[in-house]
Protein chains: 2
Amino acid sequence: MGMLREPLDEIQSCGLPSALEVMGERWSFMILRAAFNGLHHFEEFLGELGIARNILSNRLARLVEHGIMKREHMPDDRRKIEYRLTAKGLDLLPAMLALRQWGEKYGVGVPANPVLCDTRDGQPIAPIAIHAHDGRPLAPVELEWRNRADIGKALHAPEDDAVRPRLNVL
Amino acid sequence: MGMLREPLDEIQSCGLPSALEVMGERWSFMILRAAFNGLHHFEEFLGELGIARNILSNRLARLVEHGIMKREHMPDDRRKIEYRLTAKGLDLLPAMLALRQWGEKYGVGVPANPVLCDTRDGQPIAPIAIHAHDGRPLAPVELEWRNRADIGKALHAPEDDAVRPRLNVL
DNA sequence: GCGATAGGTATTAAGTTGCAACCTGAAACG
DNA sequence: CGTTTCAGGTTGCAACTTAATACCTATCGC
């Protein structure tokens, strides 16, 4: 299949376009979720997702090509191929969960099952959130964009709270 | 524009399909990022993203329709329309950041600018990660899928570590 | 060998995207 | 107060992507 779309990356210095190059495609996240749920084979994905064979084939190939999954013949049955998440693929778990939790929060009647839990106490994980480098949770008002050059600098007097830039979306 | 695609939701009980219904479309996340960077107007998005007018128009309409952004005439100049993130839109920040951080980690030469920082000390935020309900950070080996019915139950003897299901992707 | 199974490819219709040209209503200008 | 400019679109069309379905190829179990 061709690829004459606008690259979508290099638009600004930000990793988002490069992430979306693979994960922005229709079905990529659904395939990833299925993989996180323990699916490993072509026909399993096919049955679970209700996707067309050719599209699934193409998407798996792209995920493999981008190092998100790896593709291996099974030694005991050489018809079978095993698709498995790589470390790079596993690293997408927070993004996938954040998106899923958002969908659950605002979607219609989606009580979500199964739920990702802490093995230690069997309780569901916390909502994915933003934390400071030292682990403090951060609310939107405590956030601001900074140029790389200004990291760690005192840009505004602490008492001058009203003038602080913050996320300029609030 | 028509909408005869497979719904992509209702496939399983999980919020992901419903999240992807809007955010899975090409450009949606890029528009969101631009909005988080403080852009509010049609022509601003157009210039920043290099997207076609009709597509931008369509995507903004869909974001508004889904309650992610709101659209308001500016009272001082009635030609201008202001697009602004709603609470629902702001709630996508963790998902957007997780995706962006992943792209930065694995993308080619993307040092990312500007960077989201804590107003308190001007330091960049921590990587988006998974935490237990009590705030402890959780590694992949400490995670397992559970049916809603089994939340909080002791499913496996603590000493029987090898048999524990975990993420069955590891 | 022979049917079933796993994982694809090929063909074609339908839907989506991107480009460029055009439209509309509200400022701004003189 | 007529004309120009600006903001925010819409329309038409060609190119591309997706989906559905049929077909292909290598194992495997018997």
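Order of the sequence lines fixes the chain letters, A, B, ..., with proteins taken first and strands second; residue numbering starts at 1 for each chain.
- At D:dG8, one or more side-chain N or O atoms of B:His41 fall inside 4.0 Å of OP1 or OP2 (strictly under the cut-off).
- At the phosphate of D:dG9, OP1 or OP2 sits under 4.0 Å from a side-chain N or O atom of B:Arg71.
- B:Arg33 contributes no side-chain N or O that, together with a main-chain N or O of A:Pro17, makes up a donor-acceptor pair within less than 3.5 Å.
- Going from atom CD of A:Glu25 over to atom C1' of D:dT17 covers 10 Å, rounded to whole Å.
- Looking at B:Arg53, its side chain has no donor and acceptor atom pair within 3.5 Å of the base of C:dG18.
- Judged by distance alone, with hydrogens and angles left aside, the side-chain atoms of B:Glu48 form no donor-acceptor pair with the main-chain N or O of B:Glu44 at under 3.5 Å.
- Rounded to whole Å, atom P of D:dA7 lies 17 Å from atom CD of B:Glu48.
- Rounding to the nearest 0.5 Å gives a distance of 12.5 Å between CD of B:Glu142 and CD1 of A:Ile125.
- Distance A:Arg26 CZ to C:dG15 P: 13 Å, rounded to the nearest Å.
- Without hydrogens or angle criteria, B:His41 side chain to B:Leu39 main chain gives no donor-acceptor distance under 3.5 Å.
- One interatomic measurement links the two molecules: CD of A:Glu44 to P of C:dA6, which rounds to 10 Å at whole-angstrom precision.
- A salt bridge links B:Asp134 with B:Arg136: at least one charged nitrogen is closer than 4.0 Å to a carboxylate oxygen.
- Here the side chain of A:Phe42 is nearest to one of C:dG8, D:dG8, D:dG9, namely C:dG8.
- B:Tyr83 comes within 4.0 angstrom of the backbone, heavy atoms only, and of no base.
- Distances shown here put a side-chain N or O of B:Trp27 below 4.0 Å from the OP1 or OP2 atom of C:dG18.
- In this structure, the helix from C:dG1-D:dC30 to C:dG30-D:dC1 shows an angle of 20° between the axis at its start and the axis at its end, each fitted on 5 base pairs and rounded to 10°.
- In this structure, CG of A:Leu46 is placed 10 Å from P of C:dG7, rounded to the nearest angstrom.
- Under the 3.5 Å distance criterion, the side-chain polar atoms of B:Trp102 are left unmatched by any main-chain donor or acceptor of A:Pro94.
- Using a distance-only test at 3.5 Å, with no hydrogens or angles considered, no donor-acceptor pair links the side chain of B:Arg71 to the main chain of B:Ala61.
- Put simply, the side chain of B:Arg62 never gets that close to the backbone of B:Glu25: no donor and acceptor are under 3.5 Å apart.
- Not one N or O on the side chain of A:Gln123 forms a donor-acceptor pair closer than 3.5 Å with the backbone of B:His133.
- Atom C1' of nucleotide C:dG8 and atom CG of A:Leu63 are separated by 16 Å, given to the nearest angstrom.
- Here the C1' atom of nucleotide C:dG15 and the CD1 atom of B:Ile55 are 12 Å apart, to the nearest Å.
- The B:Asn54 side chain lies nearest to C:dC19 when the options are C:dC19, C:dG8, D:dT18.
- Rounded to the nearest 0.5 angstrom, B:Leu92 CG and A:Lys105 NZ are separated by 10.0 Å.
- Remark: A:Ser57 is in phosphate contact with C:dT9, judged by side-chain N or O atoms under 4.0 Å from OP1 or OP2.
- Near DNA chain C, meaning a heavy atom under 4.0 Å away, the residues from residues 74-82 of chain B are B:Asp77, B:Arg78, B:Arg79.
- Taking atom CE on A:Met30 and atom P on D:dA19, their separation rounds to 12 Å, with Å as the unit.
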